[in-house]
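Structure first, commentary second.
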Amino acid sequence: MVIKPKIREFICTTAHPVGCAVSVDKQISHSASKGSVDGAKRVLVIGCSTGYGLASRISALENLKAATLGVMFERPATGKRTATPGWYNTAEFEKAAEKKGIYAKTLNGDAFSKEMKEKVIETIRKDLGTVDLVIYSLAAPRRTDAQGVTWTSCLKTTGEPYTEKSLDLRDNTIVEKTIEPATEEEIQGTIKVMGGEDWAEWIRDLREAGVLADQALTVAYSYIGPEITYPIYYHGTIGAAKQHLHKTAEEITKSNPGVRALISVNKGLVTQASAAIPVVPLYFSILYKVMKEKGIHEGCIQQMVRLFTEKLYTDNGPLTDENGFIRMDDLEMREDVQEEIRKSWKAVNTDNIREYCDIDGYWEDFYHMFGFGHDSVDYDADVEAQVAIPSINE
Ligand code: NAD
């Protein structure tokens, strides 16, 4: 079938298999160009199919030459529906690993469930023995916990209503948006979904099953961002969840001998998860403009390659700040970058939007996430939407 993008505000309901493969291949080429380091050899990536998790898996393959077991929640193509981008990305990733002769298997299903944890343990036992790195990169709207209770996360402020400039993605205009504060129940729901509880359960279960190598590392991804976005991010519901995640890192390290849990604070980037947060897309489009002008812009793959090759596996162990965080947002948070952003934020309106915002860069990343917008792909050509992932028999 001929596949075109079908966009509804901040999501695209179609994905292009050839374009997704191109996106993955470009990420592979970038990481391959950075050489390899001595690090983990058997890596479990929870949330492995898009965004930061996919980039981590690619860097594990290319820069660590590691076997990877991935967990994702994606949909194959059915009838007239294309698969989700993460499905196509994973098909291409597994092909690349196979070509190199490096183990890669993927389990598709709910990472929050007991059954998935059991399947992963069984697979590690059978195929790998142990893993020495566990990446936790889930971004999900809801979670059914071990007791069978379903929690929903939301992206709201807390305390007082918050009114701020926002980028309306339907027509690229600057509008004012008021975000109502979350209820206590909504805050708790977001902490349950995006906080550290499930991460801690994963590590406890893996350790108790004896499938974690001695001195294994586990890394979860977080975001803090600048004060401009605090009301919606760090002091919002998602920030409450991230602060819970940060505390969980310490608890995991304390309660699992031989395991070190770390938080990597990553750069703000357009992904399926972040495009849905109000106000944040405007900040990102200004951030992209400022960082590109300074020649320091990075995408998911540049971030993850730098994490693996320069911060996580060094002669002195993981490089952390005074709070124990690995700071991959070091360039984003540079004072000269943030100073420019504050100025642009004040000045930007619908008429001068292109002067201050990298709208094209924002949309380029957005289209690329779904496999669209690549010059090398013929989007009028008939393509096969059903693509098999070698390790999954659907
Ligand atoms: P993403 O939406 O691109 O990726 C989410 C991944 O989780 C996908 O692989 C998806 O298949 C998987 N997933 C979702 N629900 C699942 C479930 N129930 N079971 C199994 N797999 C499931 O998101 P992302 O932006 O890469 O976010 C990953 C992490 O990085 C999040 O913790 C996020 O907060 C953090 N982070 C993101 C940014 C950013 O700007 N995008 C910045 C810093 C940190």
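First listed ligand is number 1; within each ligand, the first listed atom is number 1. Nothing fancy with the numbering, it's 1 onward along the sequence.
- When each atom of ligand 1 is checked for a heavy atom of Ser49 under 4.0 Å away, the hits are 8 (C), 9 (O), 10 (C), 11 (O).
- On a distance-only criterion, Ala111 and ligand 1 share at least one N/O pair closer than 3.5 Å.
- Per-residue contacts place Cys48 under 4.0 angstrom from the following atoms of ligand 1 (heavy atoms of the residue considered): 9 (O).
- Between Tyr136 and Tyr221, the distance separating the two ring centers is not shorter than 6.0 angstrom.
- Distances below 4.0 Å separate heavy atoms of Ala140 from the following atoms of ligand 1: 15 (N).
- A side-chain donor from one of Thr68 and Arg57 sits under 3.5 Å from a side-chain acceptor of the other.
- Comment: Arg334 does not engage Asp329 in a salt bridge, judged by the lack of any side-chain N to carboxylate O separation of less than 4.0 angstrom.
- Aromatic pair His297/Tyr288: ring centres closer than 6.0 Å.
- Side-chain N/O atoms of Glu74 and Thr84 include a donor and acceptor closer than 3.5 Å.
- Separation of the Tyr233 and Tyr223 ring centroids falls under the 6.0 Å cut-off.
- Not one N or O of Phe112 is nearer than 3.5 Å to an N or O of ligand 1, by distance alone.
- Under a 4.0 angstrom heavy-atom cut-off, Gly109 registers as being in contact with ligand 1.
- Here Glu74 has side-chain heavy atoms under 4.0 Å from ligand 1, and that is the only part of it that gets that close.
- For ligand 1, the polar-atom distance check finds an N/O of Leu138 within less than 3.5 Å of one of the ligand's N/O atoms.
- Using cut-offs of 30° and 60° on the angle between ring planes, the pair Tyr362 and Phe366 is parallel.
- Neither the backbone nor the side chain of Cys300 comes within 4.0 Å of ligand 1, counting heavy atoms alone.
- Of all atoms in ligand 1, listed by their number and element, those nearer than 4.0 Å to a heavy atom of Leu269 are 39 (C), 40 (O), 41 (N).
- Checked by atom type, the side-chain pair Asn172/Trp363 shows a donor-acceptor distance below 3.5 Å.
- Looking at Asn266 next to ligand 1, no N or O pair under 3.5 Å apart turns up.
- Under the 4.0 angstrom criterion for non-hydrogen atoms, Lys242 is in contact with ligand 1.
- In terms of polar-atom proximity, Ser222 is not counted as a contact of ligand 1, lacking any N or O under 3.5 Å from an N or O of the ligand.
- Residues Lys267 and Glu298 are not paired through a salt bridge, judged by the lack of any N-O separation under 4.0 Å between the basic side chain and the carboxylate.
- Looking only at distances, a side-chain donor or acceptor of His16 sits under 3.5 Å from a matching main-chain atom of Gly19.
- Ligand 1 has at least one atom lying under 4.0 Å from a heavy atom of Lys267.
- If you look at Thr271 next to ligand 1, the close heavy atoms, those under 4.0 Å, all belong to the side chain.
- When non-hydrogen atoms are compared, ligand 1 lies under 4.0 Å from neither the backbone nor the side chain of Ala220.
- The closest approach between Phe284 and ligand 1 falls below 4.0 Å for a heavy atom of the residue.
- Using cut-offs of 30° and 60° for the angle between ring planes, the Tyr283 and Trp345 rings count as tilted.
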